[in-house]
Amino acid sequence: VGLGYNWITVYVQSTLTFLPVVQNELAEALGITRSSVAVHITNLMKKGHIVGKGYIVREDDYVCVIGGANIDIQGVPNTGLIPKDSNVGSVKMSLGGVGRNIAENLVRMGIQTRLISVIGDDLYGMKILDEAREIGLNMQDTLVLKGERTSTYLSILDETKDMAVAISDMAICDRMTLDFIKKKAHVIEHAALCVMDANLPEAVIQYILTTFKDKAIFIDTVSTTKARKLIHALEHVHTLKPNRMEAEILSGISIHSNADLIKAAAVLHEKGVKRLFISLGAEGVFYSDGETSGISPSSKAQVVSATGAGDAFIAGLAYAYVKEQTTEETVQIASAAAIIAIAHENTINPNMSEDLLFKVLKESK
């Protein structure tokens with residue numbers, strides 16, 4: 001009947017973008033046989049124009065983030081902390097998780113983002129999903145486990161707001177299995193890039209890196225312990241964001257000087273890492289892409305809370321990649337995102353936006 005793939009795509013997109021489409025209904029609407037519809041749909045799925053059994057039209061230029069999502073609960077006493085006693089103070093609850101934080105920052109920067117994580121079907125998990133819907137973060141690919149506890153981080157600060165003790169309940173992160181992530185292969189395959197945090201099980205990290213070799217994959221090392229998962233998995237990493245200690249573990253080079261940074265970068269590039277951004281704390285950020293390298297100095301901006309700076313920084317790296325910026329421009333954009341993050345008491349600055357990003361970038365030059 002002369003109906004090409006574009007007609008089916010338009011029909012799916014304009015009428016049933018987010019609902020399952022029955023092949024018989026499509027056949028009747030288009031005046032062709034059900035078997036013809038099946039052939040067209042199969043070809044469209046192979047080309048990546050639509051994804052999944054629900055025949056969802058693929059979103060263009062989205063970033064896929066794979067990582068942790070959790071609830072942070074923080075208690076602060078009004079006066080001196082008294083151990084083994086009930087302290088009068090304040091308790092604050094906020095959304096957290098490295099992957100979730102990166103994803104929220106990207107959404108606020110105006111980048112379409114899909115978050116693949118794992119949460120429970122408890123009150124905390126539902127709160128994470130509700131917030132995602134409110135800000136426009138796509139979490140339809142997140143694994144929701146019935147009867148399980150969502151990852152929770154409970155911390156008690158002392159009167160100086162320094163951490164006295166904390167308990168991390170993140171066991172649910174290990175429930176992101178290979179079987180599950182393989183079912184989300186189409187989401188990774190059709191993303192502009194993939195950002196992962198090292199909270200993921202090592203087997204999942206290895207699978208993604210070795211399966212999607214042509215995909216730009218960014219990794220946040222999270223901690224020295226988590227970074228060790230990557231020691232033998234750097235060959236297909238596009239962009240790596242460790243701190244100084246994590247870079248030492250991954251490169252095997254003790255870093256005490258700028259010369260050591262260059263040596264460590266050379267080792268990591270040799271292992272396969274295309275771009276490297278090493279956080280140096282108050283000294284700034286060392287960057288290298290194998291051809292150009294340097295140190296972007298730390299901002300003199302007032303710090304309200306440094307908690308979310310790293311997550312905002314890697315979100316800035318992802319934003320710059322989508323916008324096809326150079327390495328030097330990328331580190332400037334990422335640093336501007338970190339400046340915005342530290343200017344607010346919340347882990348995610350609710351004022352984060354593309355306009356504010358470029359305003360801060362302009363002011364910092």
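Each residue takes its place number in the sequence, starting with 1.
Side chains of L209 and M196 form a contact here, defined as non-hydrogen atoms less than 4.5 Å apart. Between N138 and Q112, the closest side-chain pair of non-hydrogen atoms is not below 4.5 Å. When side chains are defined from C-beta on, K215 does not count as touching H236, because their heavy atoms never get closer than 4.5 Å. Between M245 and T221, every side-chain heavy-atom pair lies at or beyond the 4.5 Å cut-off. Side-chain atoms of L240 and L250, non-hydrogen and from C-beta on, do get closer than 4.5 Å to each other. Proximity of S117 to V65: side-chain heavy atoms (C-beta onward) are nowhere separated by under 4.5 Å. At least one side-chain heavy atom of N105 sits under 4.5 Å from a side-chain heavy atom of I348.
When the options T142, L137, T150, V144 are evaluated for a side chain to side chain contact (heavy atoms under 4.5 Å, CB included) with I128, the one that passes is T150.
Judged as a salt bridge (Lys or Arg N to Asp or Glu O under 4.0 Å), and not counting sequence neighbours, K271 has no contacts.
Minimum interatomic distance between A247 and P242 (heavy atoms only, all atoms of both residues): N-CB, 3.8 Å. Closest of all the heavy-atom pairs between A343 and V304 is O-CG2, 3.5 Å. Considering every non-hydrogen atom in both V331 and S335, the closest pair reads O-OG, 2.7 Å. Here the shortest heavy-atom pairing between E159 and T79 reads CB-O, 3.4 Å. Looking at every heavy atom in both residues, R108 comes nearest to P350 through NH1-O, 3.4 Å.
The pair R133-D130 meets the salt-bridge criterion, since a charged nitrogen lies less than 4.0 angstrom from a carboxylate oxygen. Classification of E104 and R100 as a salt-bridged pair holds, one side-chain N sitting under 4.0 Å from a carboxylate O. The pair E329-K323 does not meet the salt-bridge criterion, since no charged nitrogen lies less than 4.0 angstrom from a carboxylate oxygen.
Distance check: I219 CD1 to K226 NZ gives 13.5 Å after rounding to the nearest 0.5 Å. Taking NZ of K263 as the reference point, atom CG of L268 lies at 14.5 Å (rounded to 0.5 Å). Between C194 atom SG and I66 atom CD1 the span is 3.5 Å, to the nearest 0.5 Å. To the nearest 0.5 Å, atoms CG (N351) and CD1 (I340) are separated by 9.0 Å. Atoms CG and CG, on N70 and N199 in that order, are 8.5 Å from each other to the nearest 0.5 Å.
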_Step-by-step side chain to side chain contact (heavy atoms under 4.5 Å, CB included) determination, T113 to L115_ = CA-CA 7 Å; T113 308; L115 173 61; 5.5 Å; no

*asked:* With side chain to side chain contact (heavy atoms under 4.5 Å, CB included) as the criterion, how do R244 and L280 come out once you've worked through the C-alpha distance, each side chain's angles and the decisive distance to 0.1 Å?
replied: CA-CA 6 Å; R244 191 195 309 261; L280 304 174; 4.0 Å; yes

*In sequence, state the C-alpha distance, the side-chain angles, and the governing distance for F218 and I102, and then conclude on side chain to side chain contact (heavy atoms under 4.5 Å, CB included).*
CA-CA 11 Å; F218 290 25; I102 294 169; over 6 Å; no

*Just do the side chain to side chain contact (heavy atoms under 4.5 Å, CB included) check on T327 and F277 with the steps written out, would you?*
CA-CA 10 Å; T327 301; F277 297 86; 4.2 Å; yes

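A perpendicular orientation is assigned to the rings of Y321 and H238, their planes being inclined by more than 60° (bins at 30° and 60°).
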Residues 169-178 side chain polar contacts: donor-acceptor under 3.5 Å, at least two apart:
from: D169; atom 1: OD2; to: R149; atom 2: NE; distance (Å): 2.9
from: D169; atom 1: OD2; to: R149; atom 2: NH2; distance (Å): 3.2
from: R175; atom 1: NH1; to: E148; atom 2: OE2; distance (Å): 3.1
from: T177; atom 1: OG1; to: F180; atom 2: N; distance (Å): 3.2

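Although no hydrogens or angles enter the test, the distance criterion places a donor-acceptor pair under 3.5 Å between the side chain of E246 and the main chain of S223.
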